[in-house]
Amino acid sequence: MDISRVRSHPLMLETGLTIEDHFIEIGGRVLPLPAIEYRPRRENSPPVVVTPINGQWTMARGVQYQKSAVMPAYLVLVFPIGRSSGCPCMAQNRVVQFLQQMGQEAVSRGMTWGNLINIYNIEQPPERMVAEITECVQHFNPKFVFGIFDRGTDRMYSDWKAVMDNHLGIPSQGLLNQTIDRNPRGCIDNILFKVNIKCGGNNNTLTENGLDNLKMLHRYFMVIGISLSHGQTKDEDCKPSYAGFVGSTDDTFRSWVSEVMVTEANDAVLPQITEKIKNLLHAYRASCGRFPELLIVYRDGVTRTQEGELNRNDLRCIREAFRQLNAQIELVFVVVNKMHRTRFFQKPTKNAMGAPVYSRDNIPPGLIVDDQIVDPYGDDFYLASHRGLLGTSRPIRYNILVNEDSKQTDADDVQGLTMALCYIYQRCTLGVSIPAPLYYANLAAARCAVLADSVIRHTAASNPGRGQGGARGGRGGGRGRGAPAAPVMADPVMRQAITQGIVQHPFLKENQRLSFI
């Protein structure tokens with residue numbers, strides 16, 4: 001941008017505004033990165049503690065998951081490779097070799113690896129695929145299912161996940177055939193992170209000292225993340241949006257439970273969420289024996305201009321849930337905003353000639369800014385908990401909208417908790433940009449869009465004229481070229497089908513299996 005031209009613009013001259021030659025300099029502080037704990041190979045050995053370096057760490061050889069799960073007998077479904085169903089399926093010897101390597105790596109991480117039941121090739125056309133998947137799984141009766149797909153097979157994937165997550169309640173994991181062909185070790189590690197969680201394990205946790213440093217955990221305490229997914233269709237008026245709710249059920253953040261709901265398209269302010277909050281609180285009581293004393297809610301998916309509406313909606317619904325349960329719970333409500341243009345850069349040094357020298361490095365993970373550029377009448381802060389792997393790091397803005405526990409929980413406590421939650425995300429070995437429960441809620445909402453794609457297509461096929469707008473990419477229902485998009489939420493039959501089709505099977509929910517991980 002040519003600053004001289006902007007300075008000479010008539011509007012700038014008329015208003016008397018000026019533009020500086022340099023960025024504003026502000027102060028900040030860097031929080032220490034939380035230590036991560038794993039289980040050692042030998043039972044009597046102390047836990048393995050890893051300190052992240054620059055926002056990431058390595059799970060060394062011989063180190064086992066904090067809680068290694070038992071992988072039961074499993075089935076592998078190989079879907080047609082290629083965009084047409086007539087393409088051949090992947091060679092079984094490649095699949096077997098990949099599964100053997102994955103089993104060996106799982107055992108080295110402490111898991112018990114089950115037997116392969118069968119490798120079954122799905123051969124039916126798309127309109128018969130759901131029936132074939134259901135019949136095959138019911139025939140072999142596995143306790144875990146792998147599915148192998150090609151890129152660009154979204155409909156096959158959504159049908160398969162609908163059967164696994166909603167109809168049968170069997171944990172499952174999708175694999176790309178390109179991953180099996182390349183067989184990189186890093187991909188096997190990433191897959192096992194998800195498999196261990198889905199089988200009831202836990203990959204890592206904060207150390208006891210790290211948990212003790214969070215003084216709010218010295219009493220019954222719960223964290224909930226609420227996020228939205230607006231789908232990926234071009235027909236913006238014809239698809240619904242989805243909300244995910246994920247809450248902790250213990251004080252070590254090792255166990256989580258989820259709820260989902262469908263709402264109007266692109267509506268950031270959710271309708272009645274009282275029942276969802278009550279369900280999460282009931283799950284916490286079932287695990288801990290009582291309701292929490294303190295509840296911290298991280299809310300995503302709203303802009304700064306919409307934060308005021310949360311007082312009239314989300315906060316009202318949460319307090320109504322407390323009232324209906326007759327629970328004395330203090331609430332801390334934090335709005336998380338990723339969509340902003342604020343960026344931070346390290347202060348330049350000067351060379352021998354006195355000219356500024358700008359660093360090519362991003363800001364360090366753990367940087368907190370809570371002065372000068374924040375709301376002077378509010379309680380907000382910026383946190384860059386993650387390492388910027390590509391481009392300029394984007395800090396996340398957190399606004400503590402409500403703090404009913406201000407006597408015991410101040411902004412520093414919320415900042416420390418937020419930082420810690422960014423380092424317990426179970427799918428990788430690095431700090432992420434937002435707290436883990438909010439990340440999980442985002443994944444839960446995104447999975448709803450996948451499940452709803454299958455529901456909309458099959459409901460439209462059995463009820464001509466319904467759901468013609470589609471759920472992803474505008475491909476559903478056979479809508480003619482140039483026909484107007486039909487809002488699926490305006491159809492009560494379609495709305496009911498979607499509401500039922502995005503809910504986890506009771507087995508997965510009761511066992512607190514996050515199938516969307």
Side-chain angles (χ1 to χ4, degrees), residues 75-92 94-95 98-99 102 119-134 136-137 145-167 172-184 186-188 190-191 194-195 229-236 238-240 242 427 442-461 467-481 485 488 498 501-502 515-517:
L75 173 69
V76 178
L77 300 181
V78 183
F79 289 79
I81 303 302
R83 295 186 179 276
S84 64
S85 59
C87 293
C89 291
M90 174 172 283
Q92 288 197 5
R94 291 185 183 178
V95 178
F98 181 84
L99 293 173
M102 187 160 57
I119 300 177
Y120 185 88
N121 293 325
I122 299 295
E123 299 176 347
Q124 292 292 334
E127 58 272 14
R128 278 277 306 156
M129 193 163 290
V130 169
E132 184 181 12
I133 295 171
T134 304
C136 174
V137 174
V145 179
F146 286 101
I148 301 177
F149 301 85
D150 194 12
R151 294 189 185 276
T153 54
D154 293 347
R155 291 188 172 186
M156 296 182 189
Y157 180 81
S158 64
D159 287 346
W160 173 65
K161 277 298 181 182
V163 174
M164 297 295 106
D165 291 1
N166 182 263
H167 300 166
S172 58
Q173 177 61 46
L175 305 172
L176 280 174
N177 70 310
Q178 291 88 347
T179 300
I180 296 177
D181 283 336
R182 295 195 312 268
N183 196 12
C187 285
I188 290 180
N190 292 336
I191 293 168
K194 303 176 186 179
V195 171
S229 174
H230 299 298
Q232 302 175 3
T233 180
K234 298 177 183 178
D235 297 327
E236 294 297 331
C238 73
K239 58 148 179 91
Y242 310 94
R427 289 177 53 167
N442 204 332
L443 293 175
R447 175 58 56 83
C448 289
V450 173
L451 300 179
D453 174 61
S454 177
V455 172
I456 292 174
R457 285 188 287 105
H458 291 285
T459 304
Q468 295 181 351
R472 296 186 64 186
R475 299 177 297 185
R479 178 165 55 90
R481 185 183 298 274
V488 297
I498 294 174
I502 64 175
S515 60
F516 47 81
I517 289 290

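Computed from a prediction, not measured in an experiment: that's the story for all the values here.
- Side-chain contact between L443 and R427: present, with at least one pair of heavy atoms (C-beta onward) separated by less than 4.5 Å.
- Between the CD1 atom in I148 and the CD1 atom in I180 there is a gap of 3.5 Å [rounded to 0.5 Å].
- C448 and I502 make their closest contact through O-CG2, 3.6 Å (heavy atoms, listed as atom of the first residue, atom of the second, distance).
- Atom CD1 of I188 is separated from atom CE of M102 by 7.0 Å, given to the nearest 0.5 angstrom.
- The shortest side-chain heavy-atom distance between D453 and D154 does not fall under the 4.5 Å cut-off.
- Looking at heavy atoms from C-beta onward, M164 lies in side-chain contact with I133 at the 4.5 angstrom threshold.
- Checked by atom type and distance alone, the side chain of Q124 never pairs as donor or acceptor with a backbone atom of E132 at under 3.5 Å.
- With values rounded to the nearest 0.5 angstrom, L451 atom CG is found 8.0 Å from S515 atom OG.
- Nearest heavy atoms, N177 versus D150: OD1-OD1, 3.1 Å.
- For the pair S172 and D165, the minimum side-chain heavy-atom distance is below 4.5 Å.
- In this structure, CG on L77 lies 10.5 Å from CE on M129, to the nearest 0.5 angstrom.
- Between R94 and D181 there is a salt bridge, with a side-chain nitrogen of the basic residue lying less than 4.0 Å from a carboxylate oxygen of the acidic one.
- In this structure F146 satisfies the ring-ring contact (aromatic ring centres under 6.0 Å, His included) test together with Y74, F144, sequence neighbours excluded.
- Contact check on R155 versus D159 returns no salt bridge, with no Lys/Arg side-chain nitrogen under 4.0 Å from an Asp/Glu carboxylate oxygen.
- Residues satisfying the side chain to side chain contact (heavy atoms under 4.5 Å, CB included) test with V455, not counting sequence neighbours, are T459, A497, I498.
- Put simply, the side chain of R447 never gets that close to the backbone of K161: no donor and acceptor are under 3.5 Å apart.
- Here the side chains of F98 and V76 are not in contact, with every heavy-atom distance at 4.5 Å or above.
- Closest non-hydrogen pair, C187 versus T179, comes out as CB-CG2, 3.8 Å.
- The aromatic rings of F79 and F149 sit parallel to each other, their planes meeting at less than 30°, with 60° as the upper class boundary.
- A452 approaches Y242 most closely through the heavy-atom pair CB-OH, 3.0 Å.
- Put simply, the side chain of W160 reaches to within 4.5 Å of the side chain of V145, judged on heavy atoms.
- Side chains of S158 and R457 form a contact here, defined as non-hydrogen atoms less than 4.5 Å apart.
- Atom CG of L75 is separated from atom SG of C136 by 5.0 Å, given to the nearest 0.5 angstrom.
- The two residues I517 and Q173 make their nearest non-hydrogen contact at O-OE1, 4.5 Å.
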